[in-house]
Amino acid sequence: MDKVTVRQLVADAEEFAEKEVTVNGWVRNNRDQKSFGFIALNDGTHFNTIQIVYERELLPNYDQIAAMRVGSAIQATGKLVLTPEARQLFEIKATEVQLEGDSPSDYPIQPKRHSREFLREMAHLRPRTNLFNAVFRVRSLLAYAVHQFFQERGFVYLHSPIITANDAEGAGELFRVTTLDPKDPPLKDSGKVDYSSDFFGKKTNLTVSGQLEAEIFALAFKDVYTFGPTFRAENSNTPRHAAEFWMIEPEIAFADLKDNMDLAEEMVKYLINYLLDKAVTEMDFFNQFVDKGLKEKLKQIANAEFARITYAEAIEALKKIKQKFEYPVEWGKDLQTEHERCLTETIYQKPVFVTGYPRDIKAFYMRVNDDQNTVAAMDLLVPGVGEIIGGSQREERAHVLEQNMAHFKINKNDLWWYMELRKYGGVKHAGFGLGFERILMYLTGVSNIRDVIPFPRTVNSCEF
RNA sequence: UCCUCAGUAGCUCAACGGCAGAGCGACCGGCUGUUAACCGGUAGGUUGCAGGUUCGAAUCCUGCCUGGGGAGCCA
């Protein structure tokens, strides 16, 4: 009587038919009658529960089994019986059921629907529920798919640093990393904190992006990607923002903005197909209980050409449409959330790349277009979630980059190494940042980022 | 940070100035195939916190706390 997992049993039910098996797991539901009862058991290896049937005649501890409560850990042994006419494929006729870990009657997870808000307060128990079981298995699969996509294409995986002294990038508010005593920091004569006596001898923070380091590696390995945690200390409280999230940042050399969009589009489609193929049970669940029509929508997107428009065309299209906006549409201003939603949800009804944004509203490292007014930036907007990718072709011309840095008031001495990439064998290159949780939300239909991160860190919240 | 809505039993909610309730869950019992089982019964409350108005406040007012949604910032 070897122990088997539910995953093995589901995969080879016929093989195990009429044989004795032993399973370990947690009780999801237990219903007893006068002389027999049913336990719905989940062992974590498969989304579904399996049914354990126990009978008074066969089991001396029948009353104890009948009293096993939801949440208890048990071990059950019995014969696997195929039940083609019933709702489940098979069940186990128990010959022995032992309690491994009791669960008192105040176990908060009940065999009923719970609100996401309630479960969020119990991040230690919510993985045992259907929704979060599905979400976090898919999260694991999706991370694997990301690596597989890039590795299949010969990209080199770069571990960009998590602690960095770059504060020149302006991608968001920074979390300071320090070993100085906050109550009594060393001070310079000017009264300012003397970071030269801090751990690294300078002011350091958690990374807001691995992009600049990825550019270094792209100009050595040609195609690279980073995939790691990213930190932003923004005081933003929305269903789409977290202080700690994971970001995927490919960077490709000898490549322009079109190559960049091609890569992004191919990647999004690859990830969709991967999940539809490898997470059938979970995707069916999302389709049925989280976002009706999700699978059909994703299939369409995997087969559709993403729209590709310029910022100027977007402005034109938004001006033409009858819909009223709270914020006026005007060249030179960034697209508001309502504008982005209109583009992707109303006008195109599919993912949309918007390129060629005005120079002033984008970052210093983006390549200036020939018109001198716009840059080779691209955002990918998707229905429901909004922006999931932001990227650009990078400015490879040293003198233009210097002008940009001056314009954005960035000290080029701090980024001397970034400048040298342009000096020694500099070449056109491009890349983008994909929010891992954002695409996970998009692919599962789960609408709050706190529900796709195991232990979310947001403003005023760092539990578990 | 701003706007907005909401906090009542373990959970989801009702009561909206006059006795604090239901469903689910828990507990006890019944039931020979259940599968978010079903049937009967029992217990369970500082109505988020602090103050105010009133004969009387879950209900009206003020402040605070917590959570949801929207905006900004972005991935």
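In this text the structure is predicted, and so the values were computed from the model without any measurement. Convention: sequence-line order gives letters A, B, ...; per-chain numbering from 1.
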So, is A:Asn460 near the phosphate of B:G67, with a side-chain N or O under 4.0 Å from OP1 or OP2?
no

Pairs meeting criterion ring pair (Phe, Tyr, Trp, His ring centres under 6.0 Å) with involvement of residues 54-85 of chain A, two or more places apart
A:Tyr54-A:Tyr62

Residue that, paired with A:Phe227, satisfies ring-ring contact (aromatic ring centres under 6.0 Å, His included) out of A:Tyr157, A:Phe149, A:Phe436
A:Phe436

Report which part of the nucleic acid A:Tyr107 touches: base, sugar-phosphate, or nothing (heavy-atom distance under 4.0 Å, all strands).
nothing

Just checking, any donor-acceptor pair under 3.5 angstrom between side chains of A:Glu215 and A:Tyr365?
no

Say we look at B:A20 and B:C24: how far apart would their P atoms be, to the nearest angstrom?
24 Å

Taking OP1 and OP2 of B:A36, is either one under 4.0 Å from a side-chain nitrogen or oxygen of A:Arg87?
yes

Nearest of B:G72, B:A26, B:A75 to any side-chain atom of A:Arg232?
B:A75

Determine the contact category for A:Glu437: base if any of its heavy atoms lies under 4.0 Å from a base atom, sugar-phosphate if only primed atoms, P, OP1 or OP2 are that close, otherwise nothing.
nothing

Without decimals, in angstroms, what is the distance between A:Tyr62 OH and B:C31 C1'?
11 Å

So does A:Arg450 get a side-chain nitrogen or oxygen closer than 4.0 Å to the phosphate oxygens (OP1/OP2) of B:G68?
yes

State whether a side-chain donor-acceptor pair under 3.5 Å links A:Thr374 with A:Asn369.
yes

Assess whether side chain to side chain contact (heavy atoms under 4.5 Å, CB included) is satisfied between A:Met378 and A:Asn260, documenting all intermediate values.
CA-CA 9 Å; A:Met378 64 130 183; A:Asn260 205 21; 3.5 Å; yes

Nearest-Å distance for atom pair CG/P, residues A:Leu434 and B:C74
17 Å

Which value, in whole Å, describes the distance between the C1' atoms of nucleotides B:C60 and B:G18?
15 Å

Return the 5'-most residue of the pair A:Thr83, A:Gly435 with respect to RNA chain B, ranking by each residue's nearest nucleotide.
A:Thr83

Charged N to carboxylate O below 4.0 Å: is that the case for A:Arg126 and A:Asp451?
yes

Evaluate the side chain to side chain contact (heavy atoms under 4.5 Å, CB included) criterion for residues A:Gln8 and A:Asp12: first the C-alpha distance (whole Å), next the side-chain angles of each, then the deciding distance (0.1 Å), finally the verdict.
CA-CA 6 Å; A:Gln8 289 172 301; A:Asp12 294 311; 5.7 Å; no

Taking the P atom of each, how far is B:U62 from B:A26, in whole Å?
42 Å

Are the side chains of A:Lys350 and A:Gln300 in touch, meaning some heavy atoms are under 4.5 Å apart?
no

Interface residues of residues 241-250 of chain A with RNA chain B (non-hydrogen, below 4.0 angstrom):
A:His241, A:Ala242, A:Phe245, A:Met247

Interatomic distance where CD1 belongs to A:Ile92 and C1' belongs to B:U34 [whole Å]
16 Å

Inter-nucleotide C1' distance (B:U66, B:U8), Å rounded:
15 Å

Strand partner of B:G45, provided both Watson-Crick or wobble distances fall under 3.5 Å:
none

B:G72 phosphate, OP1 or OP2, under 4.0 Å from A:Gln336 side-chain N/O:
yes

Residues that A:Lys269 engages under side chain to side chain contact (heavy atoms under 4.5 Å, CB included), provided they are two or more places apart:
A:Glu265, A:Phe306

Ring-face cation contact, A:Tyr107 with A:Arg128, 6.0 Å cut, 45° max:
no

Taking atom types as they are modelled, would you say the side chain of A:Arg438 forms a donor-acceptor pair with the base of B:C74 within the 3.5 Å cutoff?
yes

For B:G7 versus B:C64, give the span between their C1' atoms, rounded off to a whole number of Å.
14 Å

To the nearest 0.5 Å, tell me how far A:Gln336 CD sits from A:Cys342 SG.
13.0 Å

Nearest-angstrom distance, C1' atom, B:G25 to B:G10:
7 Å

Does A:Arg240 make a side-chain N or O approach to OP1 or OP2 of B:C73 shorter than 4.0 Å?
no

Could you check whether A:Ser236 gets within reach of a base, just the sugar-phosphate, or nothing at all, counting any heavy atom under 4.0 Å?
base

Between A:Arg7 and A:Thr45, what is the shortest heavy-atom contact and its length?
NE-O, 2.6 Å

With C1' as the reference atom in both, quote the distance from B:A14 to B:G21 in angstrom, rounded to an integer.
7 Å

Between CG of A:Asn130 and C1' of B:A36 the distance, given in whole Å, is 10 Å

Classify the side chain of A:Glu91 and the base of B:G33 as holding, or not holding, a donor-acceptor pair under 3.5 Å.
yes

Please name the nucleotide paired to B:G18 by Watson-Crick or G-U wobble geometry with both distances under 3.5 Å, or report none.
B:C55

Sugar-phosphate only, base, or nothing, as touched by A:Asp106 at under 4.0 Å among non-hydrogen atoms
nothing

What residues, two or more places apart in sequence or in another chain, satisfy side chain to side chain contact (heavy atoms under 4.5 Å, CB included) together with A:Ile309?
A:Glu313, A:Ala314, A:Leu343, A:Tyr348, A:Val352, A:Val354

To the nearest Å, give me how far apart CD1 (A:Ile361) and C1' (B:C74) are.
13 Å

Quiz question: going by heavy-atom distance under 3.5 Å, is there a donor-acceptor pair between the base of B:G33 and the side chain of A:Lys93?
yes

Is B:G67 paired to anything, Watson-Crick or G-U wobble with both distances less than 3.5 Å, and if yes, which nucleotide?
B:C5

For nucleotides 2-15 of chain B, read 5' to 3', which letter fits each nucleotide if B means a protein heavy atom sits under 4.0 Å from the base, S means only the sugar-phosphate is that close, and - means neither?
--------BBS---

Between B:G48 and B:A58, how far apart are the P atoms? Round to whole Å, please.
10 Å

According to a strict under-4.0 Å criterion, is A:Thr238 in side-chain N/O contact with OP1 or OP2 of B:C74?
no

I need the single residue from A:His147, A:Glu251, A:Glu249, A:Arg153 that forms a side-chain hydrogen bond (donor to acceptor under 3.5 Å, both in side chains) with A:Tyr225. Which is it?
A:His147

Mind running side chain to side chain contact (heavy atoms under 4.5 Å, CB included) on A:Phe432 and A:Leu263 for me, showing each step along the way?
CA-CA 10 Å; A:Phe432 61 83; A:Leu263 179 68; 3.9 Å; yes

Please give, in whole Å, the distance from B:A75 C1' to A:Tyr442 OH?
16 Å

B:U1 P sits how many Å from A:Glu173 CD, rounded?
13 Å

Rounded to whole Å, please give me the gap between CG in A:Leu131 and C1' in B:A36.
15 Å

Stretch residues 33-60 of chain A: residues that reach within less than 4.0 Å of RNA chain B through a heavy atom:
A:Gln33, A:Lys34, A:Phe36, A:Phe38, A:Gln51

From the list B:A75, B:C31, B:G72, which nucleotide is the closest neighbour of the side chain of A:Thr337?
B:G72

